[in-house]
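None of the values given here were measured: they were computed from a predicted structure.
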Amino acid sequence: MNRYCKYHPGTEALWYCSHDGLHLCQQCVEGREGSLTDARCLLCNQEVESSEQGPAGPLWRQLDRYFRYPFTPVLLPVLLLWAVLAALVPPLPVMVPVALLGGLPAWGFARAIMTLRSHPAKARKISVPGWDCLSDMAGWKAALLQAVPPLLVMVPAGFVLVMVSVPAGLLTGALGLLLVPAFWLAIQVQGAEPGSYAAALAYVFSAPRDYAVAALLASLGWLLGVGLVAVAVDVMPLPLAQGVAGALAALWWLALACLCGDILARHGRLWGLDQGAKKVTVPLEERRQWLQLCAGRFDKVLLSTAKSLKNKKATVTDWQRYDRLLAMTDKDDERRAVAPAYLERLVVSGAWSEALALLARQREAEPAWLPASPSLRLALARGIHEREPKVAVALLKDLHDRHPDFSELGDAYLLLAKILAEQFGLAGKAEQYLRFVESQCRDAKLRKQVVDYREAWG
């Protein structure tokens, strides 16, 4: 049954958080692409697992499904082909390479199966790759590189088993095959290059529980296959026993590929494997806040947002989000307390409409409220005087009483005089402020502006 993310409706859940019992999409999970560190839930910071792993349980409980997988109608001819060719080849050591030719389709399908199952969405739509996968020449390079490690183990182990000692051959094969899944995973993740083998051990230790299942299937599959072939040699003609050996080899190969594909589906995203999912472009902090908001954890969001506002890179959007959160949580006192800093950010950003709305909201609660900073008053007045001249006058008047040492007092009063004369037609009132500037300010530029204004209004 398909599961969807609780906090992003309609988005498929790729992860499962057992701590909160939540199915989450990629946007709700913190994970660095290409890293071997476990992904974590943005809500509780606990480790998460693939959504396929949560409901389905551990891999060892699905071994029956892996052994049934090669008997699907598409893959059954692969088993029969290797069995028939192995049965027709004379039982001579020099004919081993010929017998291995029957395994070529199994190798190609194994690579295609792992590629398919490493993309969970595709694997649900197409459970088995088609025969056209064998026409992929680029895929054959990966298939042959994946075939090399098990062949380098099984062929010498078979020779030791027949020519030297049965226990020694069985032990050699069992130990050597423990690392085969790691080489298969390395080729799939790192690419079809011999140098990819060097990364094999990383996949052993980064997913130890799941890898242990694959390693045991590889090793015990060898032991069980040799045992069955030994019984078949005693009870049936040799060509038929060879055919059984070929069929068992194909069955083991494809079942192990299916299991490795599921391991890639669970852990591939953290190993940097491109699984076809859309990459998350929303910043981590924004995703975390969204998740916490959806879960109703407003206090945490307020705390993290307030912390981010201390950063010099905080934007108007950050302040607007914080203001809305305070309003949602009925923190009116705190909302009024941060209003001056919020207003300053709006003025610096030139968001005049928002600044006027904030000023009106503050004056509605406190009719006499005005920003305490004279420089903020002047900057705000410069930005709004054309659309709200009355507010600009309220911001600038009486500045010499409140802030007599303000360095830009002359500029403020020149602006105030201009507003009074040009927008209200109060030239006489404006003249009072021009005289103040003329008498109190020694700046030649300000005096020149006084003269220019008088000429323009005279």
Compare all side-chain heavy atoms of [X] with those of [Y] and state whether any distance is below 4.5 angstrom.
{"X": "Tyr66", "Y": "Leu256", "answer": "no"}
{"X": "Glu388", "Y": "Leu395", "answer": "no"}
{"X": "Val29", "Y": "Arg40", "answer": "no"}
{"X": "Arg336", "Y": "Asp332", "answer": "yes"}

Worksheet item: After noting the C-alpha distance and the side-chain angles of Tyr203 and Trp271, does the key distance pass the ring pair (Phe, Tyr, Trp, His ring centres under 6.0 Å) rule?
Response: CA-CA 9 Å; Tyr203 307 108; Trp271 293 339; 4.8 Å; yes
Do [X] and [Y] have side-chain N/O donor and acceptor atoms under 3.5 Å apart?
{"X": "Asp318", "Y": "Thr315", "answer": "yes"}
{"X": "Glu334", "Y": "Tyr322", "answer": "yes"}
{"X": "Gln188", "Y": "Ser118", "answer": "no"}
{"X": "Tyr342", "Y": "Gln362", "answer": "no"}

Practice prompt. Please confirm whether Trp131 and Phe109 have ring centers closer than 6.0 angstrom.
Written response: yes
Discussion item. Tell me if the centroids of the rings in Trp253 and Trp107 come within less than 6.0 Å of each other.
Written reply: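 Here the rings of Trp107 and Trp253 have centres that are less than 6.0 Å from each other.
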Practice prompt. Go through Asp323 and Arg361 one step at a time and tell me if the salt bridge (Lys or Arg N to Asp or Glu O under 4.0 Å) criterion holds.
Written response: CA-CA 12 Å; Asp323 185 66; Arg361 189 185 77 201; 3.1 Å; yes
Worksheet item: Under the 3.5 angstrom rule, does the side chain of Tyr197 hit a backbone N or O of Leu145 as a donor-acceptor pair?
Response: yes
